[in-house]
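In listed order, ligands and their atoms are each counted from 1.
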Amino acid sequence: MIDSTDIQPGGVDRFPVRPAIPPARLDTLSRDILALKKKLNAVILAHNYQVPEVQDIADYVGDSLGLSQQAVKTSADVIVFCGVDFMAETAKILNPNKIVVLPDKDAGCSLEESCPAEKLAELQRTNPNFWTIAYINCSAAVKALCDVICTSGNAVKIVQAAPPDRDILFVPDENLGSWVTEQTGRKMTLWRGSCYVHVEWTHTAINRIRQQFPDAPLVAHPECTRAVRMLANEVCSTEKMVDWCKRTSSKQIIIATEAGMLHRLQKECPGKEFIAAPTENCRCNECRFMKMNTLEKVYDCMANLRPRIELPKALLDRARLPIERMLEISARPLENAG
Ligand code: 13P
Ligand code: SF4
């Protein structure tokens with residue numbers, strides 16, 4: 001992997017270097033986690049942005065859509081969710097009778113914070129014809145107010161399946177929403193939220209790195225701004241990035257998404273080089289929420305079965321409907337998606 005800060009003479013701050021876990025400690029922790037997993041009949045689900053050592057002990061590593069699909073089909077009694085709180089909440093909503101633990105209870109999301117349920121309800125009252133589509137990066141209370149959920153991996157399909165006579169209200173990511181409008185032509189009212197990490201990439205910074213690697217295609221997440229998306233060869237969810245990078249004949253690829261993605265890409269595409277797209281001021285491209293989970297915390301949450309996701313039954317029941325609708329639309333063959 002090439003860290004773009006290594007190739008920028010005069011670059012300001014370097015991405016923070018995480019202290020490596022000493023190999024002996026890593027071995028012991030990983031062994032203890034696997035033993036606990038067996039004892040608890042637990043499954044470990046990890047998002048693509050988790051630190052490498054957490055990804056490496058997980059049963060499944062993927063994007064928000066893949067993680068929700070895994071949560072539906074697991075027969076485990078305990079779900080250890082290595083991601084952020086809205087992801088673990090989604091797993092709990094889909095499995096109200098299972099124990100769901102999140103290694104760090106403070107692992108939130110800037111998109112989730114941008115959309116409080118009361119404010120959404122206030123906006124919904126202004127137009128009874130709204131069909132509310134919520135990006136999965138939102139609280140359970142917001143999910144409970146929506147008609148259907150989407151992820152970056154299925155947002156286009158979910159919008160295409162919306163009733164044509166309804167006015168779509170898309171929350172909370174303005175960038176994902178505007179990308180979906182570009183793809184579908186469907187006009188939508190967009191909530192003004194954004195991911196604090198993905199808005200760090202700029203047109204200028206991307207152009208600069210492309211001059212250094214003129215043959216390297218750019219793959220960007222749809223949470224990036226339009227100015228960045230328009231420079232990309234591919235805009236897609238983190239899971240689709242893996243498929244795209246496997247298929248391309250290019251040997252060097254520039255990636256504009258959270259840095260944890262590079263571990264998975266490097267593992268699944270040996271022989272290719274991944275270049276972390278630099279942000280304008282070489283500021284960190286790591287999500288501070290995703291990085292709150294560590295291998296030690298994974299062990300602790302399994303040993304204590306805490307922090308545990310607990311939500312009122314009425315909220316679980318109401319929030320399940322739009323998630324199940326998403327999973328059903330997502331599973332439809334493409335020609336019947338509408
Ligand atoms: P994906 O569903 O594409 O993995 O995205 C989740 C996320 O939080 C991106 O910032
Ligand atoms: Fe939320 Fe952005 Fe972190 Fe994803 S990368 S969890 S959208 S803050």
If you count the atoms of ligand 1 from 1 in the order shown, which ones are under 4.0 Å from a heavy atom of [X]?
X      : answer
Ser237 : 3 (O)
His198 : 10 (O)
Tyr49  : 7 (C), 9 (C), 10 (O)

When you measure from atom 3 (O) of ligand 1 to each heavy atom in Ala155, Cys195, Ser152, which option holds the nearest one?
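It is Ser152 whose heavy atom sits nearest to atom 3 (O) of ligand 1.
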Looking only at protein heavy atoms, identify the closest one to [atom] and say how far it is in Å.
atom                   : answer
atom 2 (O) of ligand 1 : Ser64 OG, 2.8 Å
atom 9 (C) of ligand 1 : Glu223 OE2, 3.1 Å
atom 5 (O) of ligand 1 : His221 NE2, 3.3 Å
atom 8 (O) of ligand 1 : Asn137 ND2, 3.2 Å

Using distance only, find each side-chain donor-acceptor pair of residues 300-314 under 3.5 Å and give its atom names and separation, not counting sequence neighbours.
residue: Asn304; atom: ND2; partner: Asp300; partner atom: O; Å: 3.1
residue: Arg308; atom: NE; partner: Leu305; partner atom: O; Å: 3.1
residue: Lys313; atom: NZ; partner: Asp317; partner atom: OD2; Å: 2.5

Within this structure, what is the CZ-OG1 distance for the pair Arg264 and Thr238, rounded to the nearest 0.5 Å?
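Answer for the CZ-OG1 pair, Arg264 versus Thr238, is 7.5 Å.
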Between Asp56 and Lys267, does any side-chain N to carboxylate O distance fall below 4.0 Å?
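The answer is yes: the pair qualifies as a salt bridge.
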If waters are left out, how many protein N/O/S atoms lie within less than 2.8 Å of atom 1 (Fe) of ligand 2?
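Counting protein N, O and S atoms closer than 2.8 Å to atom 1 (Fe) of ligand 2 gives 1.
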Please verify whether a non-hydrogen atom of [X] lies at under 4.0 Å from ligand 1.
X      : answer
Asn48  : no
Glu258 : no
Lys240 : no

At a non-hydrogen distance cut-off of under 4.0 Å, which region of Thr151 contacts ligand 1 (side chain, backbone, both, or neither)?
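It is neither part, as no heavy atom is under 4.0 Å.
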Answer with side chain, backbone, both or neither: which part of Glu239 has a heavy atom less than 4.0 angstrom from an atom of ligand 1?
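Glu239 to ligand 1: no contact under 4.0 Å from either part.
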Check whether any side-chain N or O of Glu89 sits under 3.5 Å from a backbone N or O of Ala140 as a donor-acceptor pair, and report yes or no.
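Checked: pair present.
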Would you confirm whether Asp32, through its side chain, and Leu29, through its main-chain N or O, come within 3.5 Å as a donor-acceptor pair?
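Between the backbone of Leu29 and the side chain of Asp32 there is no qualifying donor-acceptor contact (under 3.5 Å).
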Partners passing side chain to side chain contact (heavy atoms under 4.5 Å, CB included) against Gln69 (at least two apart in sequence or in another chain):
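Once residues adjacent in sequence are excluded, the partners of Gln69 under the side chain to side chain contact (heavy atoms under 4.5 Å, CB included) criterion are Leu65, Leu327.
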If you measure from each heavy atom of Glu223 to ligand 2, is any distance below 4.0 Å?
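It does, in that a heavy atom of Glu223 comes within the 4.0 Å cut-off of ligand 2.
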Surrounding NZ of Lys246 (heavy atoms of other residues, nucleotides or ligands, distance under 6.0 Å), is the total greater than 12?
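Yes, because the 6.0 Å sphere around NZ of Lys246 holds more than 12 heavy atoms from other groups.
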Any N/O of Asp63 closer than 3.5 Å to an N/O of ligand 1?
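Not met; the criterion fails.
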Which of these passes side chain to side chain contact (heavy atoms under 4.5 Å, CB included) with Asn175: Ser194, Cys224, Pro222?
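So the option named by the test is Ser194.
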For a quick test of your reading: what N or O donor-acceptor pairs under 3.5 Å do the side chains of residues 34-46 make, sequence neighbours left out?
residue: Lys37; atom: NZ; partner: Asp59; partner atom: OD1; Å: 2.5
residue: Lys37; atom: NZ; partner: Asp59; partner atom: OD2; Å: 3.3
residue: Asn41; atom: ND2; partner: Asp77; partner atom: OD2; Å: 3.1

Would Lys143 and Phe86 count as a side-chain contact (heavy atoms from CB on, under 4.5 Å) here? Give the steps.
CA-CA 10 Å; Lys143 288 184 175 77; Phe86 71 81; 4.1 Å; yes
Examine Arg288 relative to Tyr196 and say whether NZ or CZ is less than 6.0 Å from the centre of the six-membered ring and inside a 45° cone about the ring axis.
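Because its charged atom sits under 6.0 Å from the ring centre and within 45° of the axis, Arg288 does stack over Tyr196.
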Is there side-chain contact between Cys115 and Cys138, with at least one heavy-atom pair below 4.5 Å?
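They are not in contact (no side-chain heavy atoms under 4.5 Å apart), so the answer is no.
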Please step through salt bridge (Lys or Arg N to Asp or Glu O under 4.0 Å) for the pair Arg226 and Glu182, ending with a clear verdict.
CA-CA 10 Å; Arg226 181 156 192 274; Glu182 288 158 26; 3.1 Å; yes
